[in-house]
Amino acid sequence: MLDLKFIRENPEIVKQAVRDKNEKADVDEILKLDEERRKLLSEAEALKAQRNKASQEIGKLKKEGKNADEAIAKMKEVSERIKELDEREKKVEAKLKELLLWVPNIPHESVPRGKDETDNVEVRRWLPEGFNFEKKPFVKDHLELGKSLKILDFERGAKISGSGFPVYVGKGATLERALINFMLNYHIANHGYTEIFPPFLVNSDSMRATGQIPKLRDDMYYAEKDDLFPIPTAEVPVTNLHRNEILTEDELPIQYVAYSACFRREAGSYGRESKGFLRVHQFNKVEMVKLVKPETSYDELEKIVSDAEDILKALNIPYRVLLLSTGDLSFSAAKCYDLETWSPAENKWLEASSCSNFEDFQARRANIKYRDSQTKKLKFVHTLNGSGLATSRLMVSLLENNQTEDGKIIIPEPLRAYAGFDVIE
RNA sequence: GGAGGGGUGGCAGAGUGGUUGAAUGCACCGGUCUUGAAAACCGGCGUGUCUUUACGGGCACCGGGGGUUCGAAUCCCUCCCCCUCCGCCA
């Protein structure tokens, strides 16, 4: 959420952001409601001041045993008028708040302006020793590998839950678990994160705070009976850990890493990159979340990207880093890098991580502040998160890049101790 | 799911309709004292919002929402959360 005062003072910047992000929030309507609300407020508050004063007088009169009927009758009228104004003000405010939730965050000045993902900018790429993009003739895709090695079962997943719910079998299941543990331990040991194991179902306040609702509501699963949402990412519960809290400056930066299953309806995306692991309704992800002081958040963003890259380097997986253009930038983000891993079978890059700085956009919704030691004032923290990483897309690259001519999978060295085997055959 | 108890400022904890935004203690900040520190003493110390060039002023907030009243932390309704006991259960 943006600061209403900021919108009031910089409507053109906000409108530009709405256009750049291909959103359709009605800034003019917001400004109109804002003005109306303030007008109603000042009128109602003047009357309340009058009423408060009179009520004190009445209290005094009664204490002295004097008659206060006249004053009471007069205030009764004033109270009626206040009630009327309050009701109108509340209606306007509710509408205003609803509209505000649809205003996207403003892209950072360093974000390239563009209409969609085709305008994203490749920042760098990293390729293992001796790697080349030439497709070897024996290369199978992850579906074929999963089937021939009996480590992935999409058909039975579809039977028990529907398409997009893969089942990991045998060494496939173990490898998935090894990958998760490796990534968690790596971030804890080398990057200074504290592990969180969060709830996988959260309430609507949490979903609103991180920005999933209202905009992405249809992409979320929902347990109506209990008013709970299965999380689309650990970002939601972990960022919300400190919702409505005032942190001390010396607690910052806070760095959490969390594994969670992630649940996404992916409504309307059928047929689009939906093969196998490329788009699923449930997947596993290790997520990094940071709460930091505003002045450090862009440095922290670079660090979080590099933390995710370290995993890919350790696993020897070819990847590239993209800086998203305004048109591809998510609703809540001010700046975002994607990490894409190479799939030799698909002959293309696959998004495996997304690292974003939300500045104070989420903190404002979640009401997460800290007290600045210099000014003694409360300020909103900046929040960031990055996948470190999502296993499904990563698994595609991992399997495909490590297959041998005779159809085996060589397990990358760092995962062997976790998996307990060196090869899948 | 059933029965009972409870949610007040950073924390602890008073307060049951009329100068209570809220006693008191702790914590915190400034000062006096001290070579320094501690103790003691003095003073300060919530958030949001509206208004004002500014100083300041208004309003709201005692878990959330609604109601009664001239007036609500205090009374009523409703929801949420926490604790204890019972039931069920991985």
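Side chains are part of it too, since the values below use all heavy atoms of this structure and drop only hydrogens, waters and symmetry mates. In what follows, chains carry the letters A, B, and so on, assigned in the order in which the sequence lines appear, proteins first and then strands, with residues in each chain numbered from 1.
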Determine the interatomic distance between C1' on B:G64 and the same-named atom on B:C28; round to the nearest Å. 30 Å

5' precedence on RNA chain B between A:Ala73 and A:Leu378 (nearest-nucleotide basis): A:Leu378

Taking 4.0 Å as the cut-off, does a side-chain nitrogen or oxygen of A:Arg8 come that near to OP1 or OP2 on B:C50? yes

For A:Lys60 and B:U19, what is the distance between atoms NZ and C1' respectively, to the nearest whole Å? 7 Å

Mind checking who B:U20 pairs with, Watson-Crick or G-U wobble, both distances under 3.5 Å? none

Inter-nucleotide P distance (B:U74, B:G6), Å rounded: 15 Å

Could you tell me how far apart A:Leu85 (CG) and B:G58 (P) are, to the nearest whole angstrom? 20 Å

Separation between the C1' atoms of B:U24 and B:C75, rounded to whole Å: 27 Å

With sugar-phosphate meaning primed atoms plus P, OP1 and OP2, does A:Lys369 contact a base, only sugar-phosphate, or nothing at under 4.0 Å between heavy atoms? sugar-phosphate

Return the value, rounded to whole Å, for the distance between atom CG of A:Asp372 and atom P of B:C28. 19 Å

Side-chain donor/acceptor of A:Glu45 to base of B:G58, under 3.5 Å: yes

A:Lys91 has an atom NZ; how far is it from atom P of B:G66, in whole Å? 13 Å

May I ask you to decide if the ring planes of A:Tyr418 and A:Phe182 are parallel, tilted or perpendicular, using 30° and 60° as cut-offs? perpendicular

With both distances kept under 3.5 Å, what pairs with B:G9, Watson-Crick or G-U wobble? none

Judged by nearest nucleotide, the residue sitting upstream toward the 5' end of RNA chain B, A:Asp3 or A:Ile58, is A:Asp3

Under 4.0 Å between any heavy atoms, over every strand shown, what does A:Ala71 touch: base, sugar-phosphate, or nothing? Just pick one. nothing

Pick from A:Gln212, A:Lys285, A:Arg264: which one makes a side-chain hydrogen bond (donor to acceptor under 3.5 Å, both in side chains) with A:Thr233? A:Lys285

Check A:Asp119 with A:Arg113, please: is the shortest side-chain N to carboxylate O separation under 4.0 Å? no

For a quick test of reading the model, state the closest non-hydrogen atom pair linking A:Tyr221 to A:Phe165 and the distance between them. OH-CZ, 3.6 Å

Using 30° and 60° as the class limits, which term best fits the ring planes of A:Tyr193 and A:His191: parallel, tilted or perpendicular? perpendicular

At under 4.0 Å, does any side-chain N or O of A:Asn52 touch on OP1 or OP2 of B:A60? yes

Kindly indicate, with the supporting measurements, whether the criterion salt bridge (charged side-chain N to carboxylate O under 4.0 Å, His left out) is fulfilled by A:Asp307 and A:Lys303. CA-CA 6 Å; A:Asp307 291 344; A:Lys303 276 201 242 172; over 6 Å; no

Does A:Lys379 put a side-chain nitrogen or oxygen below 4.0 Å from OP1 or OP2 of B:U47? no

Can you find a side chain N or O atom of A:Ser79 that sits less than 4.0 Å from OP1 or OP2 on B:G71? yes

In whole angstrom, what separates A:Asn244's CG from B:G64's P? 11 Å

For nucleotides B:G15 and B:U69, find the distance between their P atoms and express it as a whole number of Å. 28 Å

Given that both distances must come in under 3.5 Å, which nucleotide forms a Watson-Crick or G-U wobble pair with B:U84? B:A3

Hey, does the side chain of A:Arg38 come within less than 4.0 Å of B:U51's phosphate (OP1/OP2), counting only N and O? yes

Among B:C50, B:U19, B:C70, find the nucleotide with the atom closest to the side chain of A:Ser55. B:C70

Pairwise C1' distance for B:G10 and B:G46, with rounding to whole Å: 9 Å

Euclidean distance for C1', B:C59 against B:G21 (whole angstrom): 13 Å

Given B:C70, is OP1 or OP2 found less than 4.0 Å from the side-chain N or O atoms of A:Lys53? no

Does a side-chain N-to-carboxylate-O contact under 4.0 Å join A:Arg81 and A:Glu43? yes

Here the distance between atom P of B:G64 and atom CZ of A:Arg208, to the nearest Å, is 17 Å

A:Lys48 has its side chain closest, among B:C70, B:G58, B:A60, to B:A60

To the nearest Å, give me how far apart NZ (A:Lys90) and P (B:U49) are. 18 Å

Write down the distance separating the C1' atoms in B:U68 and B:C76, rounded off to the nearest Å. 7 Å

Within the 4.0 Å heavy-atom criterion, would you say A:Lys62 contacts the bases, only the backbone, or no part of the nucleic acid? base

Nearest whole Å is fine: how far is B:C59 P from A:Leu40 CG? 18 Å

Any strand, both distances under 3.5 Å, Watson-Crick or G-U wobble: B:C28 pairs with B:G44

CD1 of A:Ile180 to CG of A:Leu184: how many Å apart, nearest 0.5 Å? 7.5 Å

Span that lies between the C1' atom of B:A72 and that of B:G65, in whole angstrom: 16 Å

What is the nucleic acid contact for A:Ile246, judged by heavy atoms within less than 4.0 Å: base, sugar-phosphate only, or nothing? nothing

